[in-house]
Amino acid sequence: MRLTVLGCAGSFPGPEAPCSAYLIEADGFRLLLDFGPGSMSALQRYGDLYGVDAILLTHLHCDHMLDACTYVVARRYAPAGPFPPLPVYAPVNAPERIAAAYGGENEAISIGEVYTFYALQPGSFPIGPFGVTVDRVNHPIETYGVRLEHNGKVLTYSADTAPCEPLIRLAQGADAFLCEASYLDGVDNPPDLHLTGREAAEHATKAGVGRLLLTHLVPAWGSEALTLEAASSAFAGPIDIVRPGSRYDI
Ligand SMILES: [Zn+2]
Ligand SMILES: [Zn+2]
(Lines give C-alpha, C1' and ligand atoms only; values in the text may rest on other atoms or scores of the structure.)
(Ligands and ions follow the chains in the order given, each with its own letter.)
Protein backbone atom coordinates (compact mmCIF):
# COMPACT_ATOMS: atom_id res chain seq x y z
CA MET A 1 0.00 0.00 0.00
CA ARG A 2 1.06 3.58 -0.51
CA LEU A 3 0.63 6.41 2.00
CA THR A 4 0.49 9.99 0.73
CA VAL A 5 0.46 12.71 3.37
CA LEU A 6 -2.00 15.43 2.38
CA GLY A 7 -1.94 17.31 5.66
CA CYS A 8 -0.20 16.78 8.97
CA ALA A 9 -0.40 20.00 11.01
CA GLY A 10 -1.62 19.40 14.53
CA SER A 11 -4.77 21.09 15.82
CA PHE A 12 -4.83 23.94 13.27
CA PRO A 13 -3.25 24.52 9.85
CA GLY A 14 0.35 25.64 9.67
CA PRO A 15 1.93 28.00 7.12
CA GLU A 16 3.05 25.04 5.01
CA ALA A 17 0.64 22.28 5.99
CA PRO A 18 -3.09 21.59 6.07
CA CYS A 19 -4.52 19.63 8.98
CA SER A 20 -4.59 15.83 9.19
CA ALA A 21 -5.42 13.87 6.04
CA TYR A 22 -3.72 10.74 4.68
CA LEU A 23 -4.45 9.04 1.37
CA ILE A 24 -3.86 5.28 1.44
CA GLU A 25 -3.88 3.44 -1.91
CA ALA A 26 -3.80 -0.26 -2.73
CA ASP A 27 -5.09 -2.26 -5.73
CA GLY A 28 -6.44 0.98 -7.23
CA PHE A 29 -8.59 1.65 -4.15
CA ARG A 30 -8.14 5.00 -2.39
CA LEU A 31 -8.97 5.41 1.28
CA LEU A 32 -8.78 8.80 2.94
CA LEU A 33 -7.89 8.75 6.65
CA ASP A 34 -9.18 11.99 8.19
CA PHE A 35 -10.05 15.09 6.19
CA GLY A 36 -8.84 18.16 8.07
CA PRO A 37 -9.04 21.83 7.02
CA GLY A 38 -7.03 22.65 3.90
CA SER A 39 -6.44 19.04 2.92
CA MET A 40 -8.97 19.14 0.08
CA SER A 41 -6.57 21.53 -1.64
CA ALA A 42 -3.73 19.02 -1.14
CA LEU A 43 -5.98 16.22 -2.39
CA GLN A 44 -6.14 18.02 -5.73
CA ARG A 45 -2.37 18.62 -5.72
CA TYR A 46 -1.15 15.16 -4.72
CA GLY A 47 -4.15 13.06 -5.74
CA ASP A 48 -7.42 13.52 -7.59
CA LEU A 49 -10.39 15.58 -6.41
CA TYR A 50 -12.76 12.69 -7.09
CA GLY A 51 -10.21 9.96 -6.56
CA VAL A 52 -11.50 8.84 -3.17
CA ASP A 53 -13.34 5.53 -2.69
CA ALA A 54 -13.95 5.73 1.07
CA ILE A 55 -13.26 8.03 4.01
CA LEU A 56 -12.48 7.09 7.60
CA LEU A 57 -12.73 9.87 10.20
CA THR A 58 -10.95 8.91 13.42
CA HIS A 59 -12.83 11.50 15.45
CA LEU A 60 -14.86 14.65 15.06
CA HIS A 61 -12.50 17.34 16.27
CA CYS A 62 -12.61 19.99 13.57
CA ASP A 63 -8.95 19.59 12.59
CA HIS A 64 -9.74 16.03 11.43
CA MET A 65 -13.06 16.42 9.63
CA LEU A 66 -13.95 19.91 8.42
CA ASP A 67 -13.06 19.32 4.76
CA ALA A 68 -15.63 16.50 4.74
CA CYS A 69 -18.06 19.45 4.82
CA THR A 70 -16.28 21.34 2.04
CA TYR A 71 -16.19 18.18 -0.07
CA VAL A 72 -20.01 17.99 -0.11
CA VAL A 73 -20.15 20.81 -2.65
CA ALA A 74 -17.52 19.23 -4.88
CA ARG A 75 -19.39 15.94 -5.09
CA ARG A 76 -22.94 17.17 -5.27
CA TYR A 77 -22.54 20.08 -7.67
CA ALA A 78 -19.83 18.74 -9.99
CA PRO A 79 -20.70 19.24 -13.69
CA ALA A 80 -20.52 15.45 -14.10
CA GLY A 81 -22.27 14.87 -10.76
CA PRO A 82 -23.87 14.39 -8.42
CA PHE A 83 -21.67 11.42 -7.61
CA PRO A 84 -23.02 8.34 -5.86
CA PRO A 85 -22.83 8.42 -2.05
CA LEU A 86 -19.33 7.88 -0.71
CA PRO A 87 -18.82 5.49 2.24
CA VAL A 88 -17.75 7.34 5.39
CA TYR A 89 -16.65 5.36 8.47
CA ALA A 90 -16.81 7.66 11.47
CA PRO A 91 -18.09 8.05 15.04
CA VAL A 92 -21.83 7.58 15.29
CA ASN A 93 -22.75 11.27 15.44
CA ALA A 94 -20.84 12.19 12.26
CA PRO A 95 -23.95 12.74 10.07
CA GLU A 96 -25.35 15.39 12.40
CA ARG A 97 -21.97 17.04 12.99
CA ILE A 98 -21.09 17.26 9.29
CA ALA A 99 -24.58 18.43 8.35
CA ALA A 100 -24.50 21.12 11.05
CA ALA A 101 -21.06 22.34 10.06
CA TYR A 102 -22.02 22.30 6.39
CA GLY A 103 -25.12 24.42 6.58
CA GLY A 104 -27.53 23.62 9.37
CA GLU A 105 -30.38 21.28 10.25
CA ASN A 106 -32.22 21.62 6.96
CA GLU A 107 -29.20 20.20 5.11
CA ALA A 108 -29.25 16.87 6.97
CA ILE A 109 -31.07 14.93 4.25
CA SER A 110 -28.78 16.11 1.48
CA ILE A 111 -25.69 15.09 3.47
CA GLY A 112 -27.08 11.56 3.23
CA GLU A 113 -27.18 11.94 -0.56
CA VAL A 114 -23.44 12.62 -0.60
CA TYR A 115 -22.20 10.22 2.08
CA THR A 116 -23.28 6.80 3.33
CA PHE A 117 -22.26 6.65 6.97
CA TYR A 118 -21.04 3.59 8.88
CA ALA A 119 -20.67 4.05 12.65
CA LEU A 120 -17.28 2.95 13.98
CA GLN A 121 -16.99 0.66 16.96
CA PRO A 122 -13.98 -1.32 18.20
CA GLY A 123 -13.33 -4.33 15.98
CA SER A 124 -12.20 -5.48 12.53
CA PHE A 125 -13.89 -5.09 9.15
CA PRO A 126 -12.90 -4.68 5.49
CA ILE A 127 -12.78 -1.43 3.52
CA GLY A 128 -12.03 -2.22 -0.14
CA PRO A 129 -8.81 -4.30 -0.18
CA PHE A 130 -7.80 -3.31 3.36
CA GLY A 131 -8.29 -5.27 6.54
CA VAL A 132 -9.15 -2.59 9.07
CA THR A 133 -9.00 -2.81 12.86
CA VAL A 134 -10.04 0.15 15.02
CA ASP A 135 -10.04 0.67 18.77
CA ARG A 136 -10.77 3.52 21.14
CA VAL A 137 -7.75 5.58 22.14
CA ASN A 138 -7.18 8.12 24.91
CA HIS A 139 -8.66 11.46 23.79
CA PRO A 140 -11.48 13.58 25.25
CA ILE A 141 -14.05 12.56 22.62
CA GLU A 142 -14.80 9.24 20.90
CA THR A 143 -11.60 8.60 18.92
CA TYR A 144 -10.32 5.55 17.06
CA GLY A 145 -6.78 4.46 16.30
CA VAL A 146 -6.57 2.55 13.01
CA ARG A 147 -4.63 -0.53 11.87
CA LEU A 148 -4.64 -1.18 8.10
CA GLU A 149 -3.44 -4.47 6.64
CA HIS A 150 -2.86 -5.27 2.99
CA ASN A 151 -0.76 -8.04 1.38
CA GLY A 152 0.88 -8.88 4.69
CA LYS A 153 1.91 -5.26 5.34
CA VAL A 154 0.61 -3.15 8.22
CA LEU A 155 0.18 0.60 8.66
CA THR A 156 -1.07 1.88 12.01
CA TYR A 157 -2.34 5.43 12.55
CA SER A 158 -2.65 6.74 16.09
CA ALA A 159 -5.25 9.43 15.40
CA ASP A 160 -5.10 11.86 18.37
CA THR A 161 -4.32 10.18 21.66
CA ALA A 162 -2.53 10.35 24.96
CA PRO A 163 -0.60 7.25 26.09
CA CYS A 164 -2.76 4.10 26.06
CA GLU A 165 -2.55 0.32 25.72
CA PRO A 166 -4.93 -0.01 22.74
CA LEU A 167 -2.49 2.00 20.64
CA ILE A 168 0.30 -0.49 21.38
CA ARG A 169 -2.00 -3.37 20.36
CA LEU A 170 -3.02 -1.63 17.13
CA ALA A 171 0.63 -0.97 16.25
CA GLN A 172 1.92 -4.45 17.14
CA GLY A 173 4.51 -5.42 14.53
CA ALA A 174 3.40 -2.69 12.11
CA ASP A 175 5.70 -1.97 9.20
CA ALA A 176 4.94 1.74 9.56
CA PHE A 177 3.49 3.56 12.56
CA LEU A 178 2.05 6.99 11.77
CA CYS A 179 1.87 8.49 15.22
CA GLU A 180 0.98 11.87 16.58
CA ALA A 181 3.57 13.83 18.57
CA SER A 182 1.73 17.04 19.41
CA TYR A 183 3.51 17.96 22.62
CA LEU A 184 7.07 18.78 23.57
CA ASP A 185 8.76 16.71 26.22
CA GLY A 186 9.90 18.29 29.44
CA VAL A 187 6.99 20.70 29.85
CA ASP A 188 3.78 20.42 31.85
CA ASN A 189 1.32 19.15 29.24
CA PRO A 190 -2.41 18.64 29.93
CA PRO A 191 -3.22 14.95 30.60
CA ASP A 192 -5.25 12.57 28.39
CA LEU A 193 -5.00 14.56 25.16
CA HIS A 194 -1.83 13.97 23.12
CA LEU A 195 1.60 12.34 22.96
CA THR A 196 5.08 13.80 23.09
CA GLY A 197 7.81 12.65 20.70
CA ARG A 198 9.29 10.45 23.42
CA GLU A 199 5.92 8.91 24.26
CA ALA A 200 5.22 8.18 20.59
CA ALA A 201 8.59 6.48 20.36
CA GLU A 202 7.96 4.45 23.53
CA HIS A 203 4.73 3.14 22.00
CA ALA A 204 6.63 2.32 18.80
CA THR A 205 9.28 0.38 20.75
CA LYS A 206 6.73 -1.55 22.81
CA ALA A 207 4.83 -2.46 19.62
CA GLY A 208 7.99 -3.46 17.75
CA VAL A 209 7.21 -1.39 14.64
CA GLY A 210 9.48 -1.14 11.61
CA ARG A 211 9.52 2.63 11.24
CA LEU A 212 8.03 5.59 13.05
CA LEU A 213 6.38 8.41 11.13
CA LEU A 214 5.72 11.36 13.41
CA THR A 215 2.81 13.67 12.64
CA HIS A 216 0.38 16.21 14.13
CA LEU A 217 3.17 18.46 15.41
CA VAL A 218 1.79 21.96 16.05
CA PRO A 219 3.86 24.30 13.83
CA ALA A 220 3.09 27.46 15.81
CA TRP A 221 4.64 26.31 19.07
CA GLY A 222 6.22 22.94 18.39
CA SER A 223 9.79 22.10 17.48
CA GLU A 224 10.69 19.46 14.91
CA ALA A 225 14.25 19.30 16.20
CA LEU A 226 13.27 18.76 19.84
CA THR A 227 10.54 16.27 18.91
CA LEU A 228 12.92 14.25 16.77
CA GLU A 229 15.60 14.31 19.45
CA ALA A 230 13.16 13.13 22.12
CA ALA A 231 11.78 10.39 19.86
CA SER A 232 15.26 9.18 18.94
CA SER A 233 16.03 8.59 22.61
CA ALA A 234 13.23 6.01 22.87
CA PHE A 235 13.09 4.24 19.46
CA ALA A 236 16.09 2.72 17.71
CA GLY A 237 14.53 2.32 14.24
CA PRO A 238 14.09 4.89 11.47
CA ILE A 239 12.06 8.00 12.32
CA ASP A 240 10.61 10.62 9.96
CA ILE A 241 8.59 13.74 10.59
CA VAL A 242 6.06 13.65 7.75
CA ARG A 243 5.24 16.59 5.46
CA PRO A 244 2.52 17.33 2.92
CA GLY A 245 3.37 15.42 -0.22
CA SER A 246 5.48 12.79 1.62
CA ARG A 247 4.92 9.34 0.13
CA TYR A 248 5.70 5.99 1.67
CA ASP A 249 5.39 2.59 0.03
CA ILE A 250 4.56 0.08 2.76
ZN1 LIG B 1 -5.96 16.78 16.04
ZN1 LIG C 1 -8.41 15.61 18.47
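Numbering of ligands and ligand atoms starts at 1, following listing order.
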Checklist line | E202/K206 ion pair, N-O < 4.0 Å | finding: no

Checklist line | H61 atom (N/O/S) at minimal separation from the Zn ion (ligand 2) | finding: ND1

Note to self: Atom CD of residue position Q44 - does it have more than 12 heavy atoms of other residues, nucleotides or ligands inside 6.0 Å?
What the structure shows: yes

Check: Is it true that some N/O/S atom of D63, main chain or side chain, lies under 2.8 Å from the Zn ion (ligand 1)?
Finding: yes

Check: Is the backbone N or O of T133 less than 3.5 Å from a side-chain atom of Y144, with the two atoms forming a donor-acceptor pair by type?
Finding: no

Next item on the list: Restricting to N/O/S, name the atom of D160 that gets closest to the Zn ion (ligand 1).
Entry: OD2

Note to self: When you measure from the Zn ion (ligand 1) to the N, O or S atoms of H59, does any of those distances fall below 2.8 Å?
What the structure shows: no

Margin query: Test your reading of the model: is there a side-chain donor-acceptor pair from N189 to the backbone of Y183, 3.5 Å cut-off?
Written below: no

Check: If we only count heavy atoms from C-beta on, is the V134 to F125 side-chain gap below 4.5 Å?
Finding: yes

Notebook entry, point to check: Mind checking whether the Zn ion (ligand 1) has an N, O or S of H216 under 2.8 Å?
Noted result: yes

